[in-house]
Amino acid sequence: MEITPSILTADFCRLGETVDEAIDSGINWLHMDVMDGNWVVNRTITFGPALIKSVRKRAGPEVFIDCHLMITNAEETWDQYVEAGVDMVIAHIEAVDDFPKLISNLHEAGKMVGCVLNPDTPTDDVMGILSDLDLVLVMSVVPGKGGQSFMPEVEQKVRDFRRAIDLQIDEGGKKTKLMIDGGIKDHNAAMVSEWGIDIAVVGSGLINSKGSISENLRSIAKSLEK
Ligand code: DX5
Ligand code: ZN
């Protein structure tokens with residue numbers, strides 16, 4: 001299971017060093033949490049395309065960057081994130097009216113697209129577009145901030161997507177990736193990996209005052225080896 005840091009809990013005045021530290025520790029996928037002060041329940045604003053553009057410049061062309069759009073107007077603004085240099089746009093099924101259109105827009109722009117669903121959104125809301133998605137993201141916290149507690153009740157949703165994706169691949173379909181986001185630490189990373197997760201987003205479990213990113217990454221990697 002791959003680990004990608006959410007930089008949300010980073011000190012934004014030291015963001016360049018945090019990006020360097022993450023890449024030096026072997027990370028090659030960055031998860032950028034975009035919030036517009038409107039869509040998430042606690043009305044938080046984080047950052048937009050301008051900051052992502054700087055992170056792309058610092059990280060270089062090889063690092064994979066996704067943006068997790070927790071915004072009201074992803075269908076109108078997806079191209080700003082493409083222009084800022086992301087490889088993948090992950091949009092909320094709850095916030096997008098015409099997801100197939102968003103998928104074709106992004107694929108035509110040569111980019112990947114993911115669909116993310118909140119803990120209380122049923123998998124059925126996404127199954128109909130699964131075969132066209134590069135990634136499905138199951139939220140294991142209510143979107144809005146880092147450092148929240150993991151919600152184990154999403155297990156069945158993860159297992160349902162795992163089964164559906166494996167079936168899709170067996171039938172020659174897209175190798176859609178399965179991602180989880182929220183509350184992942186070294187005590188539950190192995191569990192979600194066993195559920196069938198391909199990539200786990202880790203924010204406060206990687207970027208915190210307890211240890212360096214590489215120390216925190218090592219402790220998660222060790223928990224996965226058991
Ligand atoms: C929450 C974000 C998550 C969050 C993860 O709205 O989408 O990516 O930053 O942070 P932790 O791992 O601390 O829950
Ligand atoms: Zn996220």
Side-chain angles (χ1 to χ4, degrees), residues 1-12 15 18-19 22 25 27 29-49 51-52 55 64-72 74 78 81 86-96 112-121 126 134-154 157-158 177-193 197-211 213 215-217 219-221 223-224:
M1 179 175 79
E2 197 171 336
I3 304 289
T4 171
S6 152
I7 59 148
L8 195 55
T9 38
D11 169 356
F12 286 2
L15 195 51
T18 304
V19 169
S25 67
I27 295 272
W29 180 324
L30 298 177
H31 178 79
M32 308 295 292
D33 283 313
V34 180
M35 300 177 201
D36 64 1
N38 218 333
W39 193 74
V40 293
V41 283
N42 52 353
R43 301 277 183 266
T44 304
I45 293 178
T46 56
F47 47 76
L51 182 127
I52 293 176
V55 167
F64 190 91
I65 299 180
D66 81 58
C67 59
H68 173 188
L69 299 186
M70 292 162 272
I71 64 176
T72 51
W78 60 270
Y81 298 92
V86 303
D87 299 287
M88 177 187 282
V89 169
I90 308 177
H92 270 269
I93 190 74
E94 303 90 354
V96 169
M112 294 187 182
V113 55
C115 179
V116 42
L117 60 168
N118 284 339
D120 58 356
T121 299
V126 175
D134 301 292
L135 178 136
V136 178
L137 169 50
V138 177
M139 289 305 292
S140 38
V141 293
V142 173
K145 59 179 184 307
Q148 299 181 80
S149 316
F150 179 72
M151 297 170 71
E153 54 267 42
V154 301
K157 288 171 69 175
V158 171
K177 290 269 183 229
L178 186 51
M179 180 187 259
I180 196 164
D181 182 7
I184 302 296
K185 304 279 191 300
D186 49 10
H187 68 266
N188 57 16
M191 178 179 71
V192 299
S193 177
I197 290 291
D198 298 309
I199 310 117
V201 176
V202 183
S204 54
L206 269 186
I207 301 171
N208 57 44
S209 50
K210 284 205 296 298
I213 292 178
E215 285 159 354
N216 292 330
L217 187 63
S219 113
I220 294 176
S223 75
L224 291 171

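Everything numeric in this text was worked out from a predicted model, so none of it was measured. Whatever order the structure lists them in is the order used to number ligands and atoms, beginning at 1. Counting from 1, the numbers follow the sequence of the chain as shown. These numbers come from the heavy atoms of this one structure, side chains and all, not from hydrogens, waters or symmetry mates.
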What atoms of ligand 1 come closer than 4.0 angstrom to any heavy atom of [X]?
{"X": "H68", "result": "7 (O)"}
{"X": "P143", "result": "6 (O)"}
{"X": "G183", "result": "11 (P), 12 (O), 14 (O)"}
{"X": "M35", "result": "6 (O)"}
{"X": "S204", "result": "11 (P), 12 (O), 13 (O)"}
{"X": "M70", "result": "6 (O), 7 (O)"}
{"X": "G146", "result": "9 (O), 10 (O), 13 (O)"}
{"X": "V201", "result": "8 (O)"}

How far is [atom] from its nearest protein heavy atom, and which residue and atom name does that atom have?
{"atom": "atom 5 (C) of ligand 1", "value": "D181 OD1, 3.5 Å"}
{"atom": "atom 6 (O) of ligand 1", "value": "G144 N, 2.8 Å"}
{"atom": "atom 12 (O) of ligand 1", "value": "G203 N, 2.8 Å"}
{"atom": "atom 1 (C) of ligand 1", "value": "K145 O, 3.5 Å"}

Show your working on side-chain contact (heavy atoms from CB on, under 4.5 Å) between V138 and L178 and close with a plain yes or no.
CA-CA 8 Å; V138 177; L178 186 51; 4.2 Å; yes
If you define the side chain from C-beta out and look only at heavy atoms, does anything of [X] sit under 4.5 Å from [Y]?
{"X": "W78", "Y": "V96", "value": "no"}
{"X": "M32", "Y": "V86", "value": "no"}
{"X": "L117", "Y": "V136", "value": "yes"}
{"X": "N208", "Y": "T9", "value": "no"}

How large, to 10°, is the angle at the Zn ion (ligand 2) when you draw lines to NE2 on H31 and to OD1 on D33?
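It rounds to 90°.
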Do you know which two heavy atoms are closest between F12 and T46, and how far apart they sit?
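Closest pair (atom of F12, atom of T46, distance): CE2-O, 4.3 Å.
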Atom of S140, atom of V154 and distance for their closest heavy-atom approach
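The answer is CB-CG2, 4.0 Å.
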Minimum-distance atom from the Zn ion (ligand 2) among N, O or S atoms of H68
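It is ND1 of H68.
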By atom name, which N, O or S atom belonging to D181 lies closest to the Zn ion (ligand 2)?
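The Zn ion (ligand 2) is closest to the D181 atom OD2, counting only N, O or S.
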How long is the straight-line distance from CE of M88 back to CE of M179, given to the nearest 0.5 Å?
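Reported value, rounded in 0.5 Å steps: 7.0 Å.
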Assess whether side-chain hydrogen bond (donor to acceptor under 3.5 Å, both in side chains) is satisfied between S219 and K185, documenting all intermediate values.
CA-CA 9 Å; S219 113; K185 304 279 191 300; over 6 Å; no
Would you say T9 touches ligand 1, if touching means a heavy atom closer than 4.0 Å?
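No, that is not the case, since the closest heavy atom of the residue is not under 4.0 Å from the ligand.
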Report, as yes or no, whether the 6.0 Å neighbourhood of atom NZ on K145 holds more than 12 heavy atoms from other residues, nucleotides or ligands.
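No, the 6.0 Å shell around NZ holds no more than 12 heavy atoms from other groups.
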Is V40 touching ligand 1 with its side chain, its backbone, both, or neither, if touching means heavy atoms under 4.0 Å apart?
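For V40, there is no contact with ligand 1 at all, from either part.
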